[in-house]
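Start at 1 and go down the list; that is how both ligands and their atoms are numbered.
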Amino acid sequence: MFLNEHLPDDTGDLKELILTISRLGKSIKDGFLLNQGVADTQNMYGETQVEMDKWADKVLVDGLRNLPFVASLSSEERDDVIYCSKDGRYSVTFDPLDGSSLMGINLTVGTIVGIFENPDPFRPGSEMVGAMYILYGPLTTLTYTIGKGIHEFVLDKDGNYLLQHENLIVGESKIYAPGALRKEWLPFHTRFIERMEKEGYKLRFCGSFVADVHQIIHKGGVFTYPASIGKDQGKLRLLFEANPMGFIIHHAGGSISNGDMDILKIIPEKLDQRVPIYIGGKKEISIVEEEKKKEASL
Ligand code: AFP
C-alpha cells in the first residue's frame, strides 16, 4: 500500500500537507549529491555548495508557504515564524535536517515535522494533529502519525512511499543512547544511567537524534540528551525536535519527559526553546522520573 492510499481521505488538507512534505523529502534526498559539505565550498561537479540544512529549509519553506491551508511555518533554521495564508488552519514546525553535521561522513540524517491545527505554533505538543520524520539512510523512510498509530513507509525505486510497518510499537530491547558530556551529568542522571547499565542496557548513540530515536522505536530503550552542568535546558529544541518525535513515540506506546513531566504538556515560550530530553519506552521514562523525584526529596 502506498502513502497516499494509507492516509485517510477524510483528513482532507492534512492528507495533502503530509503528501506535499513527502514529495519535498524526495527533493531533499536528491539534493545530497549536489549540496554536501559546508557553505562556499565546491561539490564534486565544481558547483558552489550551500549548507545542506539551509538548503533543506528552503526546499520546505518554498514548497509549503503558498499552500492555502498553511497558516504558519517555523523552522529550526530561522529566527522568526513565517506567517502564510490568513485562511490557513495548519502550523507546521520543522527541523529541516537533523544531524546535519554527520552528512560529511555519510551517516543517517533526517527531516522532522510537527503539525498543529492552529495558526499559532506556540502550543503544547500534545495538541499536534500530526507529526512525521523522513530518514535518509541506506533507504529513505517516512514515519508518520495523525494520532492513530505510527506507520513507516520506504521510498521505492519508482519514487513511491510503500508501507513497510503499520502500527509500530516501541520495542523491548535494552538500548540506551546518552548524549552530553559524562563529566557534566547531574547526579540523578548519573544514577539513571547507572541503573540502565546495571540492567544490561547496551550503549548506542550516533549523534543524529532522529536516527537514534528511530532505533529506539524499532528496538526499544531510551534516548536522552539531558540537562547538564551549565546547560540546564540541555541541547535539543522543544518545537522542532522534542515535540514531533515525542508525539510520534507517544502514539507508539512510549513517552517523552524532561525528567519531571511529559514534554508534550509544556507550553512553549519561544521558538528556540531547548529542553532536556528522555524519550523511549514507558518503563525507562518512569525510572528517570523516579530518580529525579528521589533527588528532589533529598
Ligand atoms: P547537528 O544537527 O548540528 O548535527 O546536531 C545534531 C543534534 O542536534 C542531535 O541530532 C543529536 O542528538 C545531538 O545534536 C548530538 O549532540 P552532540 O554532538 O553534543 O553529541
Among protein heavy atoms, which sits nearest to atom 3 (O) of ligand 1, and what does the distance come to when rounded to 0.1 Å?
S101 OG, 4.0 Å

Counting heavy atoms under 4.0 Å, the part of S208 that contacts ligand 1 is backbone

Hey, is F223 touching ligand 1 through its side chain, its backbone, both or neither, going by heavy atoms under 4.0 Å?
side chain

Starting from atom 16 (O) of ligand 1, find the nearest protein heavy-atom neighbour and note its residue, name and distance.
K235 NZ, 3.0 Å

If we ignore angles and hydrogens, is there a donor and acceptor under 3.5 Å between the side chains of Y90 and S72?
no

Looking at S100, which atoms of ligand 1 are within less than 4.0 Å of one of its heavy atoms?
1 (P), 2 (O), 4 (O)

H189 and Y278: side-chain donor and acceptor closer than 3.5 Å?
yes

Return the closest protein heavy atom for atom 2 (O) of ligand 1 as residue, atom name and distance.
G99 N, 3.1 Å

Can you see whether F188 has K292 sitting over its ring - NZ or CZ less than 6.0 Å from the centre and within 45° of the normal?
yes

Provide the number and element of each atom of ligand 1 under 4.0 Å from a heavy atom of E241.
8 (O)

Just by distance, no angles: are the side chains of S91 and N118 close enough, under 3.5 Å, to form a donor-acceptor pair?
no

For atom 19 (O) of ligand 1, what is the nearest protein heavy atom, given as residue, atom name and distance?
Y225 OH, 2.6 Å

Under 4.0 Å, heavy atoms only, figure out whether ligand 1 is touched by the backbone of D212, its side chain, both or neither.
neither

Identity and distance of the protein heavy atom lying nearest atom 20 (O) of ligand 1:
F205 CE2, 3.5 Å

Within a reach of under 6.0 Å around NZ of K202, are more than 12 heavy atoms found that belong to other residues, nucleotides or ligands?
no

With respect to F209, determine whether any N or O atom, backbone or side chain, lies less than 3.5 Å from an N or O atom of ligand 1.
yes

Subset of ligand 1 atoms that lie under 4.0 Å from at least one heavy atom of D98:
8 (O), 9 (C), 10 (O)

For residues E166 and H6, is any side-chain donor paired with an opposing acceptor at under 3.5 Å?
yes

Apply salt bridge (charged side-chain N to carboxylate O under 4.0 Å, His left out) to residues K15 and D9 and explain how you reach the verdict.
CA-CA 7 Å; K15 173 172 182 164; D9 286 329; 2.5 Å; yes

Reported NZ-to-NZ distance for the pair K283 and K174, which is rounded to 0.5 angstrom
5.0 Å

When you measure from the heavy atoms of G207 to every atom of ligand 1, does any distance fall below 4.0 Å?
yes

Examine the side chains of E197 and Y176 and answer whether a donor and an acceptor come within less than 3.5 Å of each other.
yes

Polar atom proximity, V210 to ligand 1 (N or O, under 3.5 Å):
no

